[in-house]
Amino acid sequence: MSAPHDHASTAVPSHLSFDALSALLEKIFLRHGTSADVARVLAQNCAGAERDGAHSHGVFRIPGYVSTLQSGWVNGQAVPVVEDVASGFVRVDANNGFAQPALAAARELLVQKARSAGIAALAIRNSHHFAALWPDVEPFADEGLVALSVVNSMTCVVPHGADRPLFGTNPIAFAAPRADGSPIVFDLATSAIAHGDVQIAAREGERLPEGMGVDSLGQPTTDPKAILDGGALLPFGGHKGSALSMMVELLAAALTGGNFSFEFDWKNHPGAKTPWTGQLLIVIDPGKAAGQSFAERSQELVRQMHGVGLKRLPGDRRHHQRAKSQVNGIELDARTLANLRELAGE
Ligand SMILES: NC(=O)C1=CN([C@@H]2O[C@H](COP(=O)(O)OP(=O)(O)OC[C@H]3O[C@@H](n4cnc5c(N)ncnc54)[C@H](OP(=O)(O)O)[C@@H]3O)[C@@H](O)[C@H]2O)C=CC1
Ligand SMILES: O=C(O)C1=NCCCC1
């Protein structure tokens, strides 16, 4: 969204509190046709990503949300329908709305089921996930639960051994409580790089490391524009990332009733930036499993990892950035803030 070389983007950046940024984003969503509930959920999600330095899914995504809403592709007023289908299974029809309000609508029932049965799954379909996945799992770990989630996205990844794209960037996120400190959380695209980071690199005129993608002729390239312009991404770790990406397609789409990544055709929906796919969440109450305290055991694992020289756990960078943002405010360059204010009609 920012233009790196103009006057406004080189001006002194602004620092906003989480509440101020959320309120600004909420205004944008409302102005572009969402219900109050949807605006609140999406604004908090996006402000949280920006606060934690998860830039590929922070305010960078706002123009994409807006053009998608304006295209009519997503229903910003959708009311999710929650179905209690079994003792350990909840289904939600997002009704062509965003995934986060669908999760919010089913969350209480999911937690109730996980606590009574020990494990519960939530299958969301007819939904659009345009965000980072960690905000969907981290709050469960804050409540002492273990959570795993997968979501499929749009076709832009060549399966290992194939010559054309089929999979999405298909992230996997996991969260587990630990005794002394923030939950252990990881959230990773199964592609070598998230599509959002390729877009940011293209905007900034940067090259990518080798091994991330191919151009329109299927040749390896480090040029993000060549990847975006008819090229494609590669899975991380060759056949291993490719297998995980295949699993995500099966769990997030086949199991939920959502679209496979390849079943969405951008050409038919001008302006739309979100695919219409699915999401699966599995929540476990560790109190029903091991005899010992899970949080103590996960703390022990972390202790041992640090003991062998590990300096950084997944999630550490985000939590450091969160702490910094809480003290200094969330930093936005002047151009980005001006663009957001314009979208909010200020
Ligand atoms: N909605 C959708 O359809 C899609 C969303 N996405 C989102 O894109 C985002 C970015 O994904 P991706 O680019 O793969 O993420 P990264 O490769 O940046 O990070 C993946 C995970 O590894 C951790 N990590 C990174 N570097 C290190 C390190 N040196 N040591 C230890 N841990 C490390 C990160 O922790 P930390 O965060 O602390 O750096 C994070 O948990 C995710 O939030 C994902 O959900 C991606 C694809 C599709
Ligand atoms: O960064 C990505 O990769 C994606 N993010 C949200 C929508 C689909 C792909």
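In listed order, ligands and their atoms are each counted from 1.
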Keeping T274 on the side-chain end and F130 on the backbone end, is there a donor-acceptor pair under 3.5 Å? no

Would you find a donor on one side and an acceptor on the other, under 3.5 Å apart, between the side chain of Q100 and the backbone of V41? no

So which protein heavy atom does atom 40 (C) of ligand 1 come closest to, and at what separation? D187 O, 3.5 Å

Minimum-distance protein heavy atom relative to atom 39 (O) of ligand 1: R317 NE, 2.7 Å

Looking only at protein heavy atoms, which one is nearest to atom 48 (C) of ligand 1, and how far off is it? T169 OG1, 3.1 Å

Would T169 count as being in polar contact with ligand 2, using the rule that some N or O on each side must be under 3.5 angstrom apart? yes

Non-hydrogen atoms of A141 and P177 that approach each other most closely: O-CB, 3.6 Å

Please list the nearest protein heavy atom to atom 11 (O) of ligand 1 with its residue and the distance rounded to 0.1 Å. A189 N, 3.8 Å

Parallel, tilted or perpendicular, judged at 30° and 60°: which one describes the rings of F264 and H269? parallel

For atom 1 (O) of ligand 2, grab the closest protein heavy atom and report residue, atom and distance to one decimal in Å. G196 N, 2.9 Å

Just heavy atoms, cut-off under 4.0 Å: does A49 contact ligand 1 by side chain, backbone, both, or neither? neither

Check each atom of ligand 1 against the heavy atoms of L133 and keep those under 4.0 Å away; list them by number with element. 43 (O), 45 (O)

Evaluating non-hydrogen atoms only, which member of P171, G196, S153, A173 is closest to atom 4 (C) of ligand 1? P171

Write out the residue and atom name of the closest protein heavy atom to atom 31 (C) of ligand 1, then the distance separating them to 0.1 Å. R312 O, 3.4 Å

For H195, atoms of ligand 2 separated by under 4.0 Å from a heavy atom: 1 (O), 2 (C), 3 (O)

With a 4.5 Å limit on heavy-atom distance, are the side chains of L145 and R115 in contact? yes

Could you tell me whether A131 and ligand 2 have an N or O pair separated by under 3.5 Å? no

So if I count the atoms of ligand 2 from 1 in the order they appear, which ones are less than 4.0 Å from some heavy atom of R61? 1 (O), 2 (C), 4 (C), 5 (N), 6 (C)

Atom 8 (O) of ligand 1: closest protein heavy atom, distance to 0.1 Å, is H57 CE1, 2.9 Å

For ligand 2, is there an atom lying under 4.0 Å from some heavy atom of Q199? no

With a 4.0 Å cut-off, would you call R303 and E300 a salt bridge? yes

Strictly below 4.0 Å, N to O, side chains only: are K113 and D84 in salt-bridge contact? yes

Indicate whether the side chain of H128 and that of N96 have a donor and an acceptor atom separated by less than 3.5 Å. yes

Interatomic distance, R178 atom CZ to E296 atom CD [nearest 0.5 angstrom]: 12.0 Å

K273 near ligand 2 by a heavy-atom separation under 4.0 Å: no

Do T256 and Q279 have side-chain atoms, one donor and one acceptor, less than 3.5 Å apart? no

Give the atoms of ligand 1, by number and element, whose distance to some non-hydrogen atom of A132 is under 4.0 Å. 43 (O), 45 (O)

List ligand 1 atoms under 4.0 Å from D197, heavy atoms only on the residue side. 13 (O)

Atom 6 (C) of ligand 2: which protein heavy atom is closest, and how many Å away? H57 NE2, 3.5 Å

Using a 4.0 Å cut-off to any heavy atom of R318, which atoms of ligand 1 qualify? 37 (O), 38 (O)

How long is the straight-line distance from CG of L250 back to OG of S245, given to the nearest 0.5 Å? 10.0 Å

Can you confirm whether some protein heavy atom lies under 4.0 Å from atom 16 (P) of ligand 1, or whether none does? no

Of all the atoms in ligand 1, which lie at a distance below 4.0 Å from a heavy atom belonging to F186? 41 (O)

Distance under 6.0 Å and angle within 45° of ring axis: R107 vs F140: yes

Relative to ligand 1, is H195 under 4.0 angstrom through side chain, backbone, both or neither, heavy atoms considered? neither

Just wondering, do D52 and S325 contact through their side chains at under 4.5 Å, heavy atoms? no

Looking only at heavy atoms, the pair that brings P171 and L133 closest together is O-CD2, 3.6 Å

Atom indices of ligand 1, in the order listed, that fall short of 4.0 Å to a heavy atom of D316: 38 (O)

Are the side chain of R61 and the backbone N or O of S56 linked by a donor-acceptor pair below 3.5 Å? yes

Which protein heavy atom lies closest to atom 1 (N) of ligand 1, and at what distance to 0.1 Å? A131 O, 2.8 Å

Suppose we measure from atom 38 (O) of ligand 1 to each protein heavy atom; which comes out shortest, and what is that distance? G315 N, 2.9 Å

